[in-house]
Amino acid sequence: MPIREDVLVVGGGIAGAASAISAARTGASVRLVTHKKSTLRHASGLIDVLGFLPGSDDPIVYPYSALSDLPDEHPYSVVGENAVREGLDLFDDIAGDAYRGGHTGKNALVATHGGTVKPTARYPKGAAEGLASTNRDTLLVGFRSLPDFDASVACEHLAAAGAPFAVDGVQVDFPGDFRADAKVTRYAKALDRNETVSAFGKERPAREALAEAVRPHLDGAERVGFPALLGDAHADEVRSDLSSELGAAVYEIPMGPPSLPGLRLEDLLFDALDEAGVRISSGNPVVDYTPVEGEHRVKSVTVDRNNQRVPLHADEFVLATGGLVGKGITSDRESVSEPVFDLYVPHPEDRYDWWDQQAFGDHAFAAFGVVPDEELRPTDADGEVEFDNLRAAGGVVGGADFAAEKSGSGVSLATGYLAGRTAGEAI
Amino acid sequence: MSDSAEVLVIGGGSTGTGIARDLAMRGLDVTLVEKGNLTHGTTGRMHGLLHSGGRYAVSDQASATECIEENRVLRDIAAHCVEMTGGLFVQRPEDDDEYFQEKLEGCRECGIPAEVLSGEEAREMEPYLAKDVKRAIRVPDGAIDPFRLCVANAASAEEHGARIETHAEVIDVLVEDGEVVGLEVKHDSGPGKREHHTPGETEKLYADYVVNASGAWAGQIGDMAGVDVAVRPSKGVMTIMNTRQVDTVVNRCRPKGDADIIVPHETAAILGTTDEEVEDPDEYPEEQWEVDMMIDTLSELVPILQEARTIRSFWGVRPLYEPPGTGTTDPTDITRDFFLLDHEDRDDLPGMTSIVGGKFTTYRMMAEKISDHVCEKFGITAECRTADEPLPGSDDFSILRDYMDEFGLRSPIGRRSVQRLGSRADEVLKTGEPNPVICECEAVTRAEFADAVEGSGSDLNAARIRTRASMGNCQGGFCAHRMANELAPKYEAEVVRTALDELYQERWKGQRHALWGDQLSQAMLNYALHATTMNRDRDPARTGASVDFSAFDGGPTEPGEAGADASAAATDGGSLREDESRQEGR
């Protein structure tokens with residue numbers, strides 16, 4: 001018997017999860033198909049909605065009111081302000097107590113591990129004490145064995161960015177005998193389990209030892225920022241213990257890959273999928289589809305299971321396979337394409353026009369993706385809907401440079417919410 | 001400020017550093033000036049082939065003979081820069097049998113060991129060779145790291161008392177009473193090691209003799225001295241693949257042509273090249289068709305190149321020269337021989353000699369001949385020792401394998417560091433401090449990187465070429481900021497930031513020519529990490545945007561209470577929150 005659902009979502013990132021949950025909430029039966037680990041392990045775990053308008057260097061305080069300044073082809077313009085708000089509401093509901101920022105329509109400013117600041121709409125609870133938009137004397141702590149973050153560089157950089165508080169930085173050795181190239185996940189585990197480590201000539205629990213390494217440098221700081229490795233499953237407890245030991249608020253600075261806040265967000269999303277009753281098939285890629293004969297509809301998608309091609313049937317489909325990073329959009333020397341449905345992806349004909357001369361210039365590739373109608377159904381080169389029962393969400397949708405705008409998660413949530421809901425309602 | 005040396009050498013490429021080392025070893029007081037990093041010009045922009053001489057065995061036997069001779073010397077004195085991969089001249093069905101035979105005989109006439117392999121035998125050696133490859137000639141080609149080689153030459157010159165000034169551009173040749181007496185240079189920062197944000201200065205350097213070894217730029221130096229040095233710069237493209245599709249140098253066995261060589265290099269393979277005359281060695285077009293041609297043409301030899309991942313492309317300019325009046329129109333026909341232009345004999349301008357033309361593989365021999373010429377001027381009879389004395393790092397290369405476990409580094413990190421550092425591994429890696437990996441793609445650790453920074457100031461590109469950090473698949477996406485962090489605390493944050501920007505842009509420059517498929521995906525990831533996660537693109541410290549910090553969200557609770565239970569109510573604001581935020585939005 002073939003697998004059959006009301007709604008089938010392809011992709012396991014923020015957009016896929018938001019689509020699946022929002023579809024499930026309409027009462028539809030939903031399956032989510034995901035191939036590899038999502039790109040969330042690369043992501044900071046922050047939920048950015050809109051930090052900068054295209055071409056502007058001024059950080060946005062009120063993201064919702066800036067939406068109307070975006071170009072027409074921007075995904076936010078396509079789905080409208082309400083969908084953006086509903087998408088964020090969906091996120092707040094999923095995240096519950098794990099995230100902050102839902103109490104206001106303003107952006108917060110978060111200090112990055114590069115030492116600068118950026119506007120974001122939602123931040124993990126563990127990062128909340130570190131907002132650069134609050135005014136408290138700060139100590140940044142880096143670990144000598146972790147070359148991604150240097151506290152002295154970051155603190156001088158924050159000052160140069162105009163941070164309105166005193167900030168100091170110190171590099172310490174992570175207490176205990178770890179390999180020189182241990183991963184952040186190894187340190188997180190040691191703190192999670194509060195492993196006994198040997199430091200300063202005696203054995204003691206890791207959290208206590210870490211606090212002791214930092215204490216001499218406190219110098220009256222009201223808060224202490226660490227790179228995001230303060231535990232995984234027991235992160236709240238680790239932070240709270242360190243905070244009591246140090247007598248100062250403790251927070252995490254979002255980091256690059258492998259990003260614990262990103263991985264924790266992934267766990268959060270998958271728990272919410274379970275709770276919503278979404279079935280999950282993971283580990284195999286969707287490689288093709290079968291149309292309904294004589295109609296502009298998708299009949300099934302094809303999963304490649306160890307070279308065996310298995311069809312998955314549904315009435316409605318959501319494509320949330322990501323952009324260039326997630327390989328929802330692919331390219332060769334000649335052109336750019338969407339690999340599952342071969343959807344239309346506009347791009348300059350000459351690949352030397354895909355990029356800008358400057359590393360942080362205005363890159364055409366950053367906005368590569370499918371072109372949706374107002375219901376998020378991908379359209380062809382003439383603007384005609386390709387399939388009546390296929391919607392796109394997240395990075396696979398083109399028209400926005402999320403990296404420059406700091407809008408990636410917001411676009412995923414808004415489009416995911418709307419694609420999932422309309423798919424569910426179409427049943 | 002002024003300083004005086006006996007000899008001033010212009011150019012920090014293989015020839016210039018080779019001359020500086022040779023002269024310094026013979027006891028002369030030498031200063032070398034280079035406008036960029038070491039290898040900034042042609043040396044850093046080649047495919048790193050250590051010629052067996054096979055390439056010239058038909059067209060230019062004198063060069064071929066020199067190549068095999070120097071090939072043997074460099075294996076010996078620069079062991080830590082050389083990988084003896086071996087090479088193949090591969091014949092496809094459409095390639096000429098007669099030429100194949102000429103190549104084979106030519107190799108033998110020049111003393112180049114050459115052996116004929118059947119198509120099957122060749123594919124046994126290199127499984128990705130095209131199925132219809134007819135046969136091949138096996139020769140002792142190799143791969144050589146030009147960066148490591150130049151740095152080692154410069155280090156040796158310094159050990160013998162030379163002064164090496166990088167980022168010191170010649171802005172004038174000083175001529176007094178019809179004689180060259182020195183140079184005026186502009187230091188980017190310093191003098192001394194480069195340090196960003198340290199104001200540069202100009203300096204007049206006087207010397208008894210000037211050697212112009214600036215390669216494709218020799219004409220520009222000639223202009224400053226009022227003499228005509230007619231170099232004909234010729235550009236060639238090189239495309240870097242992310243893995244070694246071949247472990248042997250693969251050449252196409254046909255008379256001449258573009259896109260006919262693949263050189264395996266460390267973790268990558270380099271495809272080359274074209275040969276096209278350009279007007280200006282600094283400004284020439286870098287075009288898409290050139291990259292496409294590399295892939296399309298070389299796929300005839302190794303078909304999987306068509307689908308493989310390219311990580312960047314770069315262009316180099318050859319300093320071709322031919323004596324006036326030869327009138328060759330096709331740059332591929334211009335001799336690869338070198339010419340020593342004594343401007344006293346040629347232009348009645350004593351005090352300076354230019355060296356033009358030549359090949360990387362025979363750089364040491366060229367340096368020897370130039371140094372002989374200079375020594376003759378000074379009446380110095382000291383013998384050249386550069387063919388016998390190993391370069392720093394290659395002193396006792398045989399003992400290195402034992403270091404593998406010693407540094408607490410896993411394979412392949414330990415192995416690769418030790419290979420790069422050669423006999424210097426011990427002094428560099430044994431710091432007694434934690435030694436985390438800075439660049440995972442190329443297995444570069446903090447200790448190795450710190451050693452490079454020691455030699456290159458705040459210039460991350462100079463540290464890059466010494467270590468290979470940021471030269472792998474991610475092209476700096478995962479490691480450029482780590483490399484920058486290693487400059488602290490020696491350099492302040494502003495220097496760190498500027499050095500990072502410069503490195504990141506340099507990495508971007510070559511990647512632009514490889515932006516499709518997996519590398520475009522990587523580029524987007526890099527962009528996301530650096531722009532989104534770090535906000536480096538709209539960083540107020542760079543853009544100068546003045547940020548009203550207090551206008552932004554300060555958190556749901558009073559400071560110090562986030563995480564407490566009280567905050568849960570604040571996140572569950574229902575319709576009240578909605579109204580509030582809408583109001584704030586107005």
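Labels below follow one simple rule: chain letters A, B, ... track the order of the sequence lines, proteins then strands, and each chain is numbered from 1.
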- Item | Check: B:H481 ring centroid to A:F149 ring centroid under 6.0 Å |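 No, they do not, as the ring centres are separated by 6.0 Å or more.
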Notebook entry, point to check: Between B:F549 and A:F165, is the gap from one ring center to the other below 6.0 Å?
Noted result: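 Centroid separation for B:F549 and A:F165: 6.0 Å or greater.
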Under 4.5 Å from a heavy atom of chain A, the part of [X] involved:
X	value
B:R507	neither
B:E286	backbone
B:E492	both
B:L529	side chain
B:R497	side chain
B:E486	side chain
B:N526	neither

Whether B:W508 and A:F365 hold their rings parallel, tilted or perpendicular, with breakpoints at 30° and 60°
tilted
Okay, side chain of [X], backbone of [Y]: is any donor-acceptor separation there less than 3.5 Å?
X	Y	result
B:Q505	A:Q357	yes
A:S145	B:P436	no
A:K118	B:T533	no
B:W516	A:S331	no
B:K509	A:Q358	no
B:T543	A:D57	no
A:R351	B:A514	no

Would you mind reporting whether [Y] and [X] have side-chain heavy atoms less than 4.5 Å apart?
X	Y	value
B:H513	A:Y352	yes
B:F478	A:H42	yes
B:N485	A:P147	no
A:E156	B:E494	no

Take B:V291 and A:R333 through the side-chain contact (heavy atoms from CB on, under 4.5 Å) test and state the conclusion after the steps. CA-CA 10 Å; B:V291 175; A:R333 280 192 279 152; 5.9 Å; no
Any idea which of [options] has the most non-hydrogen atom pairs under 4.5 angstrom with chain B?
options	result
A:W354, A:W355, A:Y251	A:W355
A:A66, A:A163, A:A95, A:G115	A:A163
A:F52, A:F368, A:F178, A:Y123	A:F52
A:N135, A:L158, A:V61	A:V61
A:H363, A:E222, A:M255	A:H363
A:G142, A:G323, A:S335, A:P164	A:P164

Could you report the tightest heavy-atom contact between [X] and [Y], atom names first, then the distance?
X	Y	value
A:P119	B:F552	CB-CE2, 4.3 Å
A:L131	B:G555	CD1-N, 3.6 Å
A:A404	B:R538	CB-NH1, 3.6 Å
A:A403	B:M524	CB-CE, 4.5 Å
B:G554	A:T134	O-CG2, 2.8 Å
B:N535	A:T116	O-CG2, 3.5 Å

Does any backbone or side-chain atom of [X] lie under 4.5 Å from a heavy atom of chain B? Answer side chain, backbone, both or neither.
X	result
A:V336	neither
A:L109	both
A:D356	backbone
A:S56	backbone
A:S152	side chain
A:I60	backbone
A:D148	both

With the threshold set at 4.0 Å, does a side-chain nitrogen-carboxylate oxygen contact exist between A:K327 and B:D518?
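The answer is yes: the pair qualifies as a salt bridge.
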| said: Can you tell whether the side chains of B:D537 and A:K406 come within less than 4.0 Å, N to carboxylate O? | reply: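 Yes.
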query: In Å, rounded to the nearest 0.5 Å, how long is the span from OG1 of B:T532 to CG of A:L46?
result: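 Atom-to-atom, B:T532:OG1 and A:L46:CG are 10.5 Å apart.
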Rounded to the nearest 0.5 Å, the CZ atom of A:R122 sits from the CG atom of B:D553 at a distance of 9.0 Å
Among [options], which residue has the highest count of heavy-atom pairs closer than 4.5 Å to chain A?
options	result
B:R536, B:E440, B:E433, B:R512	B:R512
B:Q522, B:M534, B:M483, B:H530	B:M534
B:D501, B:V547, B:L487, B:D296	B:D296
B:S521, B:A545, B:A551	B:S521

For A:D350, does the CG atom have more than 12 heavy-atom neighbours from other residues, nucleotides or ligands under 6.0 Å away?
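Result for CG/A:D350: enclosed.
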